[in-house]
Visitor: 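What follows is a structure written as structure tokens; I'll ask about it next.
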Amino acid sequence: METETEMNTATRIIDALNWRYATKKFDPNRKISAEDMDTLTEAVRLAASSMGLQPYRFLRITDPDVRKELREVSFDQPQITDASEMIVFAAKTDYTDADIDDFLEESQKRRGFTDDQIADRKKSIQKHVAGFKGEDLLRWNARQMYIAIGQLLTTAALMKIDACPMEGIKAPEYARILNLDEKGLKAFAVVTLGYRSDEDGLADQAKIRLPREILFEEI
Ligand SMILES: Cc1cc2nc3c(=O)[nH]c(=O)nc-3n(C[C@H](O)[C@H](O)[C@H](O)COP(=O)(O)O)c2cc1C
């Protein structure tokens, strides 16, 4: 039998996931507090990634002029300029030996691995990364990043903060505006965050999801 607290947690999570929706119209006057942004960015930072490599970077775009420019290359989607916050999710286009060394240095600091352990780990990461051909490495990096996007959406929903995940962006234009080539990054998606406008008719629409019998199979 579940305790009352467990039941409350389950209800709270499912209610929050039903409450959230991909917000089309944000209230441009409502801003997310610095404290809440700390929580949201920490949730993104804590996302799981394969081997823990975190082959991505997040760009928080606060400059209104840059936001305007990005809206033009995001199919004029109003969320880009009207939401309180905008985070660009960019995957690393490569994963170099220098990236591996940075990661392992941090691992050693955190967990006190011996030099031999670090050397072994380096070999196994190098072998894994070398297994990808051409654009496959970029796509693998991007797949890790989408886990962080999911974590952000759920965290925001639990905090009653609205969000819209967005792939409707022109990646080459994002690269130009944000100097992503120089940074070894490629933009895949954006998450805009803030508070829904009263005028967003989509807020009350029923969710469209496949039934469990179709979505899940028990084997
Ligand atoms: C990867 C991804 C890309 C999306 N791109 C856009 C987008 O560019 N613009 C937009 O308004 N919604 C976008 N959406 C929102 C989806 O249309 C929405 O999540 C889906 O219809 C389910 O509805 P719900 O999130 O409101 O429950 C995107 C969602 C995901 C997960």
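Remember, predicted model here, so these are calculated numbers, not experimental data. Both ligands and their constituent atoms are indexed starting at 1 by order of listing. All residue numbers in this chain count up from 1 along the given sequence.
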Visitor: At a 4.0 Å threshold, what atoms of ligand 1 neighbour a non-hydrogen atom of Arg20?
Guide: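 Here the atoms of ligand 1 in question are 24 (P), 25 (O), 27 (O).
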
Visitor: Using a heavy-atom cut-off of under 4.0 Å, does the side chain or the backbone of Arg209 touch ligand 1, or both, or neither?
Guide: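 Near ligand 1, Arg209 shows its side chain, while the N, CA, C and O stay back.
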
Visitor: Closer than 4.0 Å to some heavy atom of Ala22 - which atoms of ligand 1 meet that?
Guide: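 Those atoms are 15 (C), 18 (C), 19 (O), 24 (P), 25 (O), 26 (O).
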
Visitor: State whether any protein heavy atom lies less than 4.0 Å from atom 20 (C) of ligand 1.
Guide: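 Under 4.0 Å from atom 20 (C) of ligand 1, zero protein heavy atoms found.
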
Visitor: List ligand 1 atoms under 4.0 Å from Lys207, heavy atoms only on the residue side.
Guide: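 In order of numbering, the contacting atoms are 24 (P), 26 (O), 27 (O).
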
Visitor: Numbering the atoms of ligand 1 from 1, which are under 4.0 Å from a heavy atom of Cys164?
Guide: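 Once the distances to Cys164 are compared, the set is 10 (C), 11 (O), 12 (N).
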
Visitor: Atoms of ligand 1 less than 4.0 Å from Gly168 heavy atoms?
Guide: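 Selected atoms, number and element: 8 (O).
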
Visitor: For ligand 1, which is the ligand I care about here, please tell me if Lys24 has any N or O atom under 3.5 Å from one of the ligand's N or O atoms.
Guide: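 Yes, Lys24 has an N/O under 3.5 Å of an N/O on ligand 1.
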
Visitor: Answer yes or no for atom 26 (O) of ligand 1: protein heavy atom present at a distance under 4.0 Å?
Guide: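 Given the 4.0 Å cut-off, atom 26 (O) of ligand 1 counts as touching protein heavy atoms.
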
Visitor: Using a strict cut-off of 4.0 Å, indicate which atoms of ligand 1 neighbour a heavy atom of Gln79.
Guide: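 Numbered from 1, ligand 1 contributes 11 (O).
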
Visitor: Go through ligand 1 atom by atom and flag the ones less than 4.0 Å from a non-hydrogen atom of Tyr21.
Guide: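 Ligand 1 atoms under the 4.0 Å threshold to Tyr21: 26 (O).
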
Visitor: Below 3.5 angstrom, do we get any N/O pair linking Glu167 and ligand 1?
Guide: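 By distance alone, the answer is yes.
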
